[in-house]
Amino acid sequence: MKLICIGRNYTKHIKELDNEKPENPVVFIKPDSAILPKEQDFYIPEFSKEVHYEVEVLVKIKKVGKHIDPRFAPGYYDEVSLGIDFTARDLQQKLKEKGLPWEKAKGFDGAAVIGEWLPKSNFKDLNNVGFSLLKNNETVQKASTAQMLWKLDELISYVSRFFTLKKGDIIFTGTPSGVGKIKPNDYLSGILEGKELFSVKIK
């Protein structure tokens, strides 16, 4: 399985990092070794002094697909969740300045938190689902999928033009504004439509 991640999918987040609005979704991949095991704390890696949290809505692919038309995309997933794309921002910035890939800043061990999966049938409209991230019980990120530049089905269609999607693949659909630095003893929790789907302690 692979973790396919989307960058720059919320306008305010693009602005807060002083990036340019892309013509197409920004796509990168995390290895499956980046998944933080359930019930395990997140340890800040020694190679970074500025790891940021980025909360994101997740979609799990349920069957093989390639060149998927957006109108057929709903048939390729039944479950959604919430997760964190941890990012070594200082390392990412250095790599970007040199025009190098950012995988080391995005795909390191533990950099992908995956919450509890929920049936998509639980939601009236997946294009208008509210979610938030709490740090030490204070809301630091809050948004709705309605604010996405590219909606879930559009992302599935776009990604499938380049990568064959397989059962179990997970798409991280991008983070809204409010990203920030973590430090030891922080406690993060992700809320999707009022339900907590994950929590993680920082070490």
Side-chain angles (χ1 to χ4, degrees), residues 1-11 13-14 17 19-37 52-89 91-92 95-96 98-120 123 126-127 129 131 143 145 147-176 179 190 192 197-198:
M1 61 94 80
K2 52 189 176 290
L3 309 179
I4 302 170
C5 305
I6 306 299
R8 305 183 191 178
N9 200 20
Y10 290 82
T11 300
H13 176 59
I14 293 172
L17 293 187
N19 288 321
E20 293 183 4
K21 184 177 178 180
E23 294 182 8
N24 295 299
V26 174
V27 180
F28 60 96
I29 290 180
K30 290 177 182 265
D32 58 6
S33 54
I35 297 173
L36 184 70
H52 283 197
Y53 55 77
E54 298 186 5
V55 71
E56 311 197 10
V57 173
L58 313 182
V59 174
K60 184 191 290 184
I61 300 300
K62 70 172 186 176
K63 62 181 181 180
V64 174
K66 178 74 173 171
H67 294 293
I68 301 167
D69 189 285
R71 59 186 167 154
F72 298 128
Y76 286 83
Y77 65 101
D78 286 333
E79 297 176 287
V80 296
S81 187
L82 202 61
I84 296 178
D85 166 20
F86 279 122
T87 304
R89 191 73 70 200
L91 178 57
Q92 183 191 36
L95 293 167
K96 286 170 65 177
K98 295 179 180 179
L100 298 172
W102 338 318
E103 272 74 9
K104 288 188 291 186
K106 288 280 195 177
F108 57 89
D109 290 354
V113 174
I114 297 174
E116 175 188 349
W117 292 99
L118 299 176
K120 70 177 184 182
F123 306 94
L126 285 174
N127 290 323
V129 174
F131 63 100
T145 54
Q147 298 167 329
M148 289 180 167
L149 296 176
W150 292 277
K151 307 303 183 189
L152 301 181
D153 296 343
E154 294 175 302
L155 292 175
I156 290 171
S157 175
Y158 182 79
V159 167
S160 74
R161 290 165 51 186
F162 303 92
F163 309 108
T164 296
L165 295 177
K166 296 184 176 182
K167 183 178 181 180
D169 286 351
I170 296 171
I171 298 178
F172 281 64
T173 61
T175 195
V179 302
L192 183 68
L197 298 190
F198 69 79

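Heavy-atom basis, side chains included; hydrogens, waters and symmetry copies ignored.
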Inset, instruction - Take Leu165 and Ile4, measure what side chain to side chain contact (heavy atoms under 4.5 Å, CB included) needs, and give me the verdict at the end. - result: CA-CA 10 Å; Leu165 295 177; Ile4 302 170; 3.5 Å; yes

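- The backbone N or O of Gly65 sits nowhere less than 3.5 Å from a side-chain atom of Ser160 that would complete a donor-acceptor pair.
- Side-chain N or O atoms of Ser81 include one that pairs as donor or acceptor with a backbone N or O of Gly115 at under 3.5 Å.
- Closest heavy-atom contact between Ile6 and Pro25: CG2-CB, 4.2 Å.
- Checked against a 6.0 Å centroid threshold, the rings of Trp150 and Tyr158 do not count as neighbours.
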Legend entry - side chain to side chain contact (heavy atoms under 4.5 Å, CB included) between Lys106 and Asp85, worked out: CA-CA 7 Å; Lys106 288 280 195 177; Asp85 166 20; 2.7 Å; yes

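- For the atom pair CG (Leu118) and CG (Leu192), the distance works out to 6.5 Å, reported to the nearest 0.5 Å.
- Note that CD1 of Ile171 and OH of Tyr77 are 9.5 Å apart. Values are rounded to the nearest 0.5 Å.
- Across all non-hydrogen atoms, the minimal contact from Ile61 to Lys63 is CG2-O, 3.2 Å.
- Atom NZ of Lys104 sits in a sparse spot, with 12 or fewer heavy atoms from other residues, nucleotides or ligands closer than 6.0 Å.
- Counting heavy atoms from C-beta outward, Lys151 and Thr145 have side chains that stay 4.5 Å or more apart.
- Expressed to the nearest 0.5 Å, how far CG of Leu91 lies from CD of Glu103 amounts to 11.0 Å.
- Nearest heavy atom pair, residue Lys66 against residue Phe163, reads NZ-N, 3.8 Å.
- Of all heavy-atom pairs between Phe172 and Ile84, the closest is CE2-O, 3.7 Å.
- Ring pair Phe28/Trp102 is tilted by interplanar angle, where 30° to 60° counts as tilted.
- Taken from SG in Cys5 to CG in Leu155, the straight-line distance is 11.5 Å, to the nearest 0.5 Å.
- No donor-acceptor distance shorter than 3.5 angstrom exists from the side chain of Thr175 to the backbone of Glu56, with no hydrogens or angles considered.
- Screening residues 161-172 for salt bridge (Lys or Arg N to Asp or Glu O under 4.0 Å) gives Lys2-Asp169 as the qualifying pairs, with residues at least two apart or on separate chains.
- Taken to the nearest 0.5 Å, the CD1 atom of Ile114 stands 12.5 Å off from the CG atom of Leu197.
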Inset, instruction - Go through Val80 and Leu126 one step at a time and tell me if the side chain to side chain contact (heavy atoms under 4.5 Å, CB included) criterion holds. - result: CA-CA 9 Å; Val80 296; Leu126 285 174; 4.2 Å; yes

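- Not a single side-chain hydrogen bond (donor to acceptor under 3.5 Å, both in side chains) links Tyr53 to another residue, sequence neighbours left out.
- Closest of all the heavy-atom pairs between Asp153 and Pro74 is OD2-CG, 3.3 Å.
- Note that NZ of Lys30 is 6.5 Å distant from CZ of Phe108, once rounded to the nearest 0.5 Å.
- Between Val55 and Pro176, the closest heavy-atom pair is O-CD, 3.4 Å.
- Contacts classified as salt bridge (Lys or Arg N to Asp or Glu O under 4.0 Å) and involving residues 71-82 (residues at least two apart or in different chains) are given here: Lys60-Glu79, Lys62-Asp78, Asp69-Arg71.
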Inset, instruction - Apply the test side chain to side chain contact (heavy atoms under 4.5 Å, CB included) to residues Glu116 and Phe198: give CA-CA distance (whole Å), side-chain angles for both, the deciding distance (0.1 Å), then the verdict. - result: CA-CA 7 Å; Glu116 175 188 349; Phe198 69 79; over 6 Å; no

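- Side-chain atoms of Phe162 and Val27, non-hydrogen and from C-beta on, never get closer than 4.5 Å to each other.
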